[in-house]
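Notes follow the structure.
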Protein chains: 2
Amino acid sequence: MNQHMKNPTKNAKHPEVKESGHIACQDCALDDVCKPISFGDQSFDQTHSILERRTPILAGEYLYKKGDPLNSIYALTSGTVKLVKTTSKGLQQVVGFRFPGELLGDEAISTEIHILSAVAIDNATTCDMSMKGLDDIAQMIPSFQNNLIKLLSNQCYTMHLQFTSYAGRNNAEERLAAFILNVAERNSNKDILKLNIFLAMTRDDIANFLGLRRETLSRTFTKLQKTKIITIENKELDIIDIEKLRLLANY
Amino acid sequence: MNQHMKNPTKNAKHPEVKESGHIACQDCALDDVCKPISFGDQSFDQTHSILERRTPILAGEYLYKKGDPLNSIYALTSGTVKLVKTTSKGLQQVVGFRFPGELLGDEAISTEIHILSAVAIDNATTCDMSMKGLDDIAQMIPSFQNNLIKLLSNQCYTMHLQFTSYAGRNNAEERLAAFILNVAERNSNKDILKLNIFLAMTRDDIANFLGLRRETLSRTFTKLQKTKIITIENKELDIIDIEKLRLLANY
DNA sequence: CGGGGAATTGAATACGTTCAAAGGCCGTGG
DNA sequence: CCACGGCCTTTGAACGTATTCAATTCCCCG
């Protein structure tokens with residue numbers, strides 16, 4: 001069930017207005033399917049329910065849970081979300097993170113049932129696109145389907161990049177290097193790599209995701225600091241030597 | 001560049017005829033986009049170039065290489081393909097395997113440039129759907145785009161399943177258990193799990209993919225044999241105790 | 001039957017985990 | 001404003017697991 005509260009939308013007519021901490025619309029995964037609704041045929045303006053803008057989620061709240069039916073797909077516009085599954089032993093396994101501009105819920109489009117859960121790590125914001133709304137628009141404007149295809153093929157690309165980043169990493173240093181690079185790239189614009197990253201998640205979440213113990217992760221962070229590849233202070237990480245980092249990550 | 005040779009198609013009119021070792025069309029990832037071409041509007045019958053059926057690839061040949069432009073997407077109809085990337089140190093990294101019925105090339109649909117390479121492990125066969133052809137059909141039959149959307153959203157689902165299978169695995173036993181389960185499920189029909197699997201790839205390829213040394217993989221295989229969870233003889237693997245395997249894989 | 005690559009096994013070493021303890025950060029309440 | 005407590009993070013030392021290097025066995029193909 002979608003647990004987060006609704007909020008009257010502001011800037012519905014001019015969503016590009018960048019709010020503090022929010023990603024710009026042109027950098028959002030949903031932009032291709034969102035723009036036609038906001039600016040296209042005016043007949044959609046009254047169908048307010050299609051797109052719910054700037055929905056806040058409090059830290060720790062679930063965006064959706066495993067087994068929930070797919071009601072909406074989400075674009076994260078601020079904050080960080082972790083994707084988790086519960087293992088056969090009842091433990092929580094982190095299977096991914098999502099950052100502003102990224103899509104959530106795409107794994108359920110085909111089956112219409114969520115196969116994992118999404119939890120906000122800090123206070124976050126989403127734009128929610130209802131699946132019903134997407135279907136309606138697609139039926140009315142056939143050309144709109146092209147935008148959906150763009151969205152999905154781009155998501156395929158993103159997933160492959162992710163998988164390629166982590167497959168076959170053996171030691172802790174390589175895994176962490178791959179993680180840092182992956183996060184840096186996903187928090188950057190296409191041209192310039194952002195070298196300072198804010199890691200909203202706990203060390204436990206990172207360790208869990210990478211298949212390491214929190215102690216090993218901590219030791220590996222300090223190792224990367226001693227070799228002057230990064231600096232990290234609490235949740236603020238700075239990449240110092242991007243070349244060495246790439247080499248470590250085999251990227 | 002697409003390096004494998006072309007072959008005059010047989011059974012073009014009745015592709016369901018199941019050849020030995022080939023997957024049935026209804027179990028193929030491309031079925032949704034393939035059927036409308038074969039059986040739909042007869043005007044497409046002459047556009048033979050859209051779909052190239054039963055294209056053989058010899059063991060060791062490349063289906064495509066990193067950097068190649070995307071000409072076609074492929075459905076593997078027999079054999080096994082490995083996806084590889086070359087690391088910064090010039091070593092080959094296996095980032096995935098594909099089995100009959102699965103899609104190849106989807107990672108390049110959005111960028112139109114392949115980001116990894118696909119190599120046949122044994123003699124394999126593909127059905128090749130040209131991207132140009134897909135576009136043409138989509139333009140002529142708007143409803144066809146729905147099938148493309150189905151294909152892509154299903155691929156998103158598959159990729160998530162994959163990622164979820166391997167994220168956060170720490171020890172060799174868990175990783176291998178997850179691998180065996182994943183392969184078994186992908187080689188099964190939806191209802192019944194296939195318990196005997198043929199592993200066409202070498203131990204080196206599996207180890208490389210899982211981030212283990214070949215020796216460790218070998219030891220872990222024998223460990224799983226001693227605990228009566230599997231039996232393995234050369235490339236023939238049998239799952240004996242599926243419950244224990246699931247528990248190990250946290251699935 | 002012989003040769004070469006692939007797979008397995010053995011022993012020493014390196015690396016990650018475990019358990020224990022200490023240090024740091026931050027919100028709460030005095 | 002400072003002290004306290006809880007949680008997150010880091011560090012240390014002993015242990016267990018994976019890697020490394022070497023040697024052997026197995027399998028396939030000529």
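Shown here are the ring pair (Phe, Tyr, Trp, His ring centres under 6.0 Å) partners of B/His114, two or more places apart in sequence or in another chain: B/Tyr64. Applying the side chain to side chain donor-acceptor pair (under 3.5 Å) criterion to A/Thr80, with sequence neighbours excluded, gives no partner residue. Taking A/Arg213 as the reference, nothing meets the salt bridge (charged side-chain N to carboxylate O under 4.0 Å, His left out) condition, with sequence neighbours excluded. Considering only residues two or more places apart in sequence or on other chains, A/Arg219 meets the salt bridge (charged side-chain N to carboxylate O under 4.0 Å, His left out) condition with none of them. A/Asp204 meets the salt bridge (charged side-chain N to carboxylate O under 4.0 Å, His left out) test with A/Arg214; sequence neighbours excluded. Applying the salt bridge (charged side-chain N to carboxylate O under 4.0 Å, His left out) test to A/Arg203 and every residue at least two apart in sequence or in another chain returns nothing.
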N/O donor-acceptor pairs under 3.5 Å from side chains in residues 226-237 of chain A, not counting sequence neighbours:
| unit_1 | atom_1 | unit_2 | atom_2 | d |
| --- | --- | --- | --- | --- |
| A/Thr227 | OG1 | A/Lys223 | O | 2.9 |
| A/Thr227 | OG1 | A/Leu224 | O | 3.4 |
| A/Lys235 | NZ | A/Met201 | O | 3.1 |

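Going from atom CG of B/Asn234 over to atom P of D/dC26 covers 11 Å, rounded to whole Å. In this structure, B/Glu233 places its CD atom 8 Å from P of D/dC27, rounding to the nearest Å.
Residues of residues 202-220 of chain A having a heavy atom closer than 4.0 Å to DNA chain C, listed by number: A/Gly211, A/Leu212, A/Arg213, A/Glu215, A/Thr216, A/Arg219. Remark: B/Asn171, B/Ala172 in residues 168-175 of chain B come within less than 4.0 Å of DNA chain D through at least one heavy atom.
Between the side chain of B/Arg169 and the backbone N or O of B/Ala249, at least one donor-acceptor pair lies under 3.5 Å. With B/Asn123 contributing its side chain and B/Leu58 its backbone, the two residues share no donor-acceptor pair below 3.5 Å. Not one N or O on the side chain of B/Asn189 forms a donor-acceptor pair closer than 3.5 Å with the backbone of B/Asp191. For A/Asn187 (side chain) and A/Val183 (main-chain N/O), a donor-acceptor pair under 3.5 Å exists by modelled atom type.
Residue pairs meeting the side-chain hydrogen bond (donor to acceptor under 3.5 Å, both in side chains) criterion with at least one member in residues 82-93 of chain A, sequence neighbours excluded: A/Lys82-A/Asp205, A/Ser88-B/Asn250, A/Lys89-B/Asn250, A/Gln93-A/Asn208.
Residue A/Lys223 is out of contact with every strand shown, counting any heavy-atom pair closer than 4.0 Å.
For DNA chain C, the contact window with chain A, defined by any atom under 4.0 Å from a protein heavy atom, covers C/dG16 to C/dC25 in 5' to 3' order.
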Q) When Watson-Crick pairs (N1 to N3 and N6-O4 or O6-N4) and G-U wobble pairs (N1-O2 and O6-N3) count only below 3.5 Å on both distances, what is the dot-bracket string of DNA chain C, with | for other-strand pairs? A) ||||||||||||||||||||||||||||||

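B/Phe209 and A/Phe163 have parallel rings, their planes meeting at less than 30° on a 0 to 90° scale where 60° marks the start of perpendicular.
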